[in-house]
Protein chains: 2
Amino acid sequence: MRNLNPQPLAAVREAARSKTPLGRPRDESIDAEVVAAVLQLLRKRGYGAVTIASVARKVKTARTSLYRRWPSKRHLVAYAVVSEMGAKPAADTGELRADLEAAVQTLLRAFAGPLGQALPGLVADMAQDPELAAIIREEVLAARRKSMREAFERAEVRGEIRKGFETELLLDMLTGPFYYRALFGHAPITARMARDVVTYIGRIVARGVRRVPAHARVPGDVETYRRD
Amino acid sequence: MRNLNPQPLAAVREAARSKTPLGRPRDESIDAEVVAAVLQLLRKRGYGAVTIASVARKVKTARTSLYRRWPSKRHLVAYAVVSEMGAKPAADTGELRADLEAAVQTLLRAFAGPLGQALPGLVADMAQDPELAAIIREEVLAARRKSMREAFERAEVRGEIRKGFETELLLDMLTGPFYYRALFGHAPITARMARDVVTYIGRIVARGVRRVPAHARVPGDVETYRRD
DNA sequence: ACTTTACGCTACACCGTGTCGCGTATATAG
DNA sequence: CTATATACGCGACACGGTGTAGCGTAAAGT
């Protein structure tokens, strides 16, 4: 979670001395309630409805109490989203297609929930706060990408796919369409689409492809694209 | 441009009567200066620096004059971006790869300019204003998508690629990575990456691919992915 | 008791959006 | 030339959201 909730200076000392800090302890239940409130507001009324005041009202606490825990609204929302979208266990079925399908299903579900609602506002906040951007990338995106990257690596080791791909680009082509559609809304995000993306990615990396020798070509076997 | 600048009620009557309206005419030079000012602010200081006041100051006009022309800041920014990113001529080289490369080059350049700076804020505004979202989709995205879609269709007619693809998805896989990287910044947008995307898309659609008959397979010719 | 921290509250400063009304400038219609 | 209609520049304002400061009080440790 890193720097998202840097406020408890007392907690730092706590970790250092491994003792209970001093003074009145922080009400830990508030953290969870705030996260729940943010996610609910996000889902039901969108990013614009998430204000410090609206969250405080929902949790029945004071605005200033929230500012004691998070230095800004951005950090608050990021904390909530990261809490919800924490690292997921990476699927390892022994087959690339199934691994990727599992990963894509996770994306599908994520965009139906609060993350889908938060995405546009989150992206705008990230653009204005590089530190926040780094946190979101590392805590939300990196975990998902890592599991998919490893799926490709395992497939390569198994000899299931060919070698030498720009894996990062494959990841972007696999998941980029989801973000793209979620943010611009020009096309719906469907299970069918998720399936097709995986199929197409598979076509890129698949082995078992033989170049048809020139003498054996039939009309229509145009080979515009060089293959290696 | 459609509904982005709906203010000139007089202009409606003008069009209806095809006469000069009445009263003091609007200073047309302001429109162009405003667009230039918005784009410059966007490029140099980012979306956050674009406020009605900052634009008015740059153009040396009054805030209220801007509100007479555009109903909100969102409309103002959208108008500027659409003015800059108007429909581009579609490349038609007779070869899919070259057509796609041209389209992708356009994207590459666009993200280096004001659009790249505006994107996060624009996306957030779109999420809060469905009407604005529709305008941006139609005026900015649709034109680019159309030219790429037609490139695929021409290639299909020429027999350069196979048939039956989800073209919309191919478009998303082709351009989604650019938007994805521009918005999240997890990887740079480079000429190399642009080239590779086109290569990979080509691998998906290319003909000249023959399934290796089972009796002719050599070890390592794993065929996990069904092909049709 | 004393110290230290958290909590809830009120008040405030700041900034950006969007609206209103005024006096003035510039066009057309009669 | 007068009347009408619109645009312009200006000042003022309401509204809402962010973030800060200070107060009295509550809850822990020493």
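Here the structure is a predicted model, which is why all the values come from computation and not from measurement. Below, read A as the first sequence line, B as the second, and so on, with proteins coming before strands; counting in each chain starts at 1.
If you measure from atom CG of A/Leu66 to atom P of D/dG17, you get 15 Å, rounded to the nearest angstrom. When rounded to the nearest whole Å, the span between CG of B/Leu76 and P of C/dG16 equals 15 Å. One atom, CD1 of B/Ile52, and another, P of D/dC10, lie 16 Å apart when rounded to the nearest Å. For the pair A/Arg74 CZ and D/dT18 P, the computed distance is 11 Å after rounding to whole Å. Whole-Å rounding puts the B/Asp125 CG to C/dT17 C1' distance at 12 Å. Rounded to a whole Å, the CH2 atom of B/Trp70 is 14 Å from the C1' atom of D/dA7. Atom CD in A/Glu28 sits about 13 Å away from atom C1' in C/dT5, given to the nearest Å. Atom P of nucleotide D/dT18 and atom CZ of A/Arg69 are separated by 18 Å, given to the nearest angstrom.
The salt bridge (charged side-chain N to carboxylate O under 4.0 Å, His left out) analysis of residues 41-58 of chain B, with sequence neighbours excluded, yields no pairs. Counting only residues at least two apart or on different chains, the salt bridge (charged side-chain N to carboxylate O under 4.0 Å, His left out) pairs with a member in residues 142-156 of chain A are A/Asp92-A/Arg154, A/Asp99-A/Arg154, A/Arg145-A/Glu168, A/Arg145-A/Asp172, A/Lys146-A/Glu150, A/Arg149-A/Glu168, A/Glu156-A/Lys163. The ring-ring contact (aromatic ring centres under 6.0 Å, His included) contacts involving residues 87-108 of chain B comprise nothing, where partners must be two or more places apart or lie in separate chains.
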Hey, what are the protein-to-nucleotides 26-28 of chain D N/O distances that come in under 3.5 Å?
residue	atom	partner	partner atom	Å
D/dA26	N3	A/Arg24	NH1	3.2

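Here D/dG19 is the nucleotide among C/dA6, D/dG19, C/dT17 with the atom lying nearest to any side-chain atom of A/Tyr67. Among the nucleotides D/dC8, C/dG8, C/dT17, the one closest to any side-chain atom of B/Arg26 is D/dC8. Comparing atom distances between the B/Thr51 side chain and each of D/dA7, D/dT18, C/dG16 picks out C/dG16 as nearest.
Here B/Glu166 pairs with A/Arg192 under the salt bridge (Lys or Arg N to Asp or Glu O under 4.0 Å) rule; sequence neighbours left out. For A/Asp129, the salt bridge (Lys or Arg N to Asp or Glu O under 4.0 Å) partners at least two apart in sequence or on another chain are A/Arg74. Among residues two or more places apart in sequence or in another chain, the ring-ring contact (aromatic ring centres under 6.0 Å, His included) test is passed with B/Tyr180 by A/Tyr179, B/Phe184, B/His186.
With no hydrogens or angles considered, a side-chain donor-acceptor pair links B/Arg97 and B/Thr199 at under 3.5 Å.
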### Query
In the 5'-to-3' direction, what one-character label does each nucleotide of nucleotides 9-14 of chain C receive under the scheme B = base within less than 4.0 Å of a protein heavy atom, S = sugar-phosphate only, - = no such atom?
BBB---
What side-chain donor-acceptor pairs closer than 3.5 Å can you find for residues 102-111 of chain B, not counting sequence neighbours?
residue	atom	partner	partner atom	Å
B/Thr106	OG1	B/Ala102	O	3.1

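The distance from the CG atom of A/Leu183 to the CG atom of A/Leu119 is 4.5 Å, given to the nearest 0.5 Å.
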